[in-house]
Amino acid sequence: MPSAQLTRPRLWVPSTVYVTASAQAEPHGRAILERLTAAGVQDVHLLGGDRLPALRGADERATYAAAKRTLAVVTSAASKRRPTPIPPSADFSFPIAEGCPGHCQYCYLAGSLAGPPITRVYADLPRILAGLDDVVGTGAVTSGTAERGHEGTTFEASCYTDPLAVEHVTGSLAATITHFGTHEWAGPVQLRLTTKYDDVEGLLDLPHGGRTRVRASVNVADVERFEGGTARVAARLRALGRLARAGYPVGLTIAPIMPVDDWRAAYGELLAAAGAELAGVPGLDLTVECITHRFTPKSKDVQLGWYPRTKLDLDEDARTRKLGKFGAVKYVYDKDTMRELRTWFEDALARELPAARYLYWT
Ligand code: SF4
């Protein structure tokens with residue numbers, strides 16, 4: 001990978017910040033406010049209540065752009081705090097934030113967030129973390145399974161956000177990793193997160209206790225071009241190597257896998273680059289997760305509103321229609337393409353990353 005790709009993007013700083021009244025009352029909310037002030041953010045609105053103002057641009061694209069420049073410091077609703085099963089990744093998901101300042105054209109959040117994609121960070125993080133004790137030992141995705149039972153009760157922090165994308169202005173991820181590493185839990189636990197960012201300096205010396213697995217979300221150049229505002233893949237791999245050398249269990253989330261031109265050669269190079277980065281790490285604990293590209297009618301609609309000129313393949317006729325949880329429609333690659341991709345990846349992973357534990361294909 002060319003060294004030019006190692007140039008780091010500027011850390012995201014919001015143009016506008018809203019802090020709800022409840023968030024202002026939380027010590028972690030006030031700490032976030034101090035970080036934002038130190039980062040030079042001037043357009044900060046301390047709200048008298050907990051309702052965020054409506055955000056409307058001239059059209060959907062303008063609303064999207066304004067929302068992606070906005071950060072809201074809020075407290076979590078009880079329904080959001082509740083840990084929710086999240087197969088095949090983890091026993092439970094829980095939120096430390098919702099939304100992300102990145103501009104990935106295929107972003108899975110397009111189909112799941114309501115309204116303009118403002119990034120919301122939670123000021124009541126201690127309350128969210130305290131709620132996790134109730135479910136330790138009760139999961140069904142990793143807990144009690146033959147293949148992944150040793151991971152303990154697993155908690156996924158990146159279902160609604162990229163937790164590293166806003167870490168420099170929140171400190172929420174460091175606090176969460178420290179909580180997992182130092183809290184007395186009723187049984188074995190693991191925090192899981194996946195990221196397209198690389199600013200890991202502040203995580204290296206945390207007392208993680210080996211209870212946090214950070215995965216780098218990686219892809220080939222033809223897919224990376226859809227990932228605006230994120231760190232380059234080479235930089236993500238380098239950051240992953242630093243975390244592994246700091247004793248963190250690590251992983252690769254290869255997503256979304258797309259059969260682009262020369263995909264075998266391109267993904268082969270990607271796996272080799274990951275292997276080179278992680279070579280010689282003492283006691284390396286590495287996993288791999290493979291997720292193929294998919295979309296739903298809703299995510300397609302939202303993505304086309306946000307990125308009207310996208311070159312992303314969103315052609316339903318070229319896909320297989322599948323019914324997901326609760327009857328929701330999604331469009332995935334056809335059976336032959338899936339088989340071809342999967343067979344190739346399983347062989348290539350065994351060849352390029354023999355030390356890795358392969359968790360799932362979807
Ligand atoms: S980094 Fe992840 S969460 Fe953020 S825009 Fe990209 S895909 Fe979405």
Side-chain angles (χ1 to χ4, degrees), residues 52 54-55 60-61 63-68 70-72 74-122 128 141 154-166 170 172-173 192-197 215 217 219 223 226-230 253 255-258 289 291-308 310 312-314 316 319 321-332 360 362:
L52 296 177
L55 208 155
E60 203 174 338
R61 173 78 199 152
T63 305
Y64 162 84
K68 285 279 183 178
T70 303
L71 182 76
V74 301
T75 49
S76 59
S79 59
K80 298 260 177 183
R81 282 199 297 277
R82 198 171 308 127
T84 316
I86 181 74
S89 168
D91 285 330
F92 299 104
S93 72
F94 74 104
I96 65 173
E98 187 178 275
C100 169
H103 298 272
C104 302
Q105 296 176 27
Y106 57 72
C107 181
Y108 61 99
L109 294 175
S112 57
L113 296 183
I118 292 175
T119 302
R120 293 168 170 78
V121 296
Y122 291 120
I128 295 172
V141 176
T154 43
F155 293 94
E156 175 68 62
S158 36
C159 284
Y160 308 100
T161 186
D162 185 315
L164 195 53
V166 289
T170 66
S172 296
L173 180 56
R192 292 165 53 74
L193 63 120
T194 190
T195 183
K196 288 187 174 69
Y197 290 82
R215 296 107 82 207
S217 172
N219 225 312
V223 181
F226 294 117
E227 299 173 345
T230 60
T253 309
I257 292 171
M258 298 184 193
E289 293 148 75
I291 304 170
T292 53
H293 180 245
R294 69 261 337 271
F295 59 91
T296 66
K298 181 175 174 204
S299 71
K300 173 176 174 171
D301 197 41
V302 174
Q303 283 158 354
L304 288 179
W306 290 353
Y307 311 103
T310 186
L312 201 58
D313 167 22
L314 295 170
E316 292 90 345
R319 300 284 182 122
R321 188 172 182 271
K322 259 183 99 170
L323 289 183
K325 254 200 295 181
F326 313 118
V329 171
K330 60 182 169 183
Y331 292 96
V332 300
Y360 59 84
T362 185

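Residues take their numbers from the sequence shown, with the count starting at 1. Hydrogens, waters and symmetry mates are skipped; everything else that's a heavy atom, side chains included, is used.
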Please walk me through it: do R319 and D313 pass side-chain contact (heavy atoms from CB on, under 4.5 Å)? CA-CA 10 Å; R319 300 284 182 122; D313 167 22; 3.4 Å; yes
Test item: [X] and [Y] side chains (from C-beta on) under 4.5 Å apart, heavy atoms:
X    : Y    : result
F94  : K80  : no
H293 : L314 : yes
E316 : K300 : yes

What distance separates [X] [atom1] from [Y] [atom2], expressed to the nearest 0.5 Å?
X    : Y    : atom1 : atom2 : answer
T170 : L71  : OG1   : CG    : 8.5 Å
E98  : S76  : CD    : OG    : 10.5 Å
I291 : Y360 : CD1   : OH    : 4.0 Å

Hey, mind stepping through T230 and Y197 against side-chain contact (heavy atoms from CB on, under 4.5 Å) and telling me if it holds? CA-CA 6 Å; T230 60; Y197 290 82; 3.9 Å; yes
Does the [X] side chain pair with the main chain of [Y], one donor and one acceptor, at a distance under 3.5 Å?
X    : Y    : value
Q105 : Q303 : no
S158 : E156 : no
T70  : A66  : yes
T310 : L312 : yes

Start with the C-alpha gap between T154 and R192, add the side-chain angles, then the distance that decides, and say whether side chain to side chain donor-acceptor pair (under 3.5 Å) holds. CA-CA 7 Å; T154 43; R192 292 165 53 74; 5.3 Å; no
Got a sec: does the NZ of K298 have more than 12 other heavy atoms crowding it under 6.0 Å?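 More than 12 within 6.0 Å, yes.
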Near K330 NZ, under 6.0 Å, is it more than 12 heavy atoms from other residues, nucleotides or ligands?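 More than 12 within 6.0 Å, yes.
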Distance-only criterion, 3.5 Å: show the donor-acceptor pairs between side-chain atoms of residues 111-122 and protein atoms not counting sequence neighbours.
from, atom 1, to, atom 2, distance (Å)
S112, OG, L109, O, 3.4
T119, OG1, C100, N, 3.4

Side chain to side chain donor-acceptor pair (under 3.5 Å) between S217 and R215, worked out: CA-CA 6 Å; S217 172; R215 296 107 82 207; over 6 Å; no
Going by the ring-ring contact (aromatic ring centres under 6.0 Å, His included) test, which pairs reach into residues 98-121, not counting sequence neighbours?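 ring-ring contact (aromatic ring centres under 6.0 Å, His included) check on residues 98-121 returns Y64-H103.
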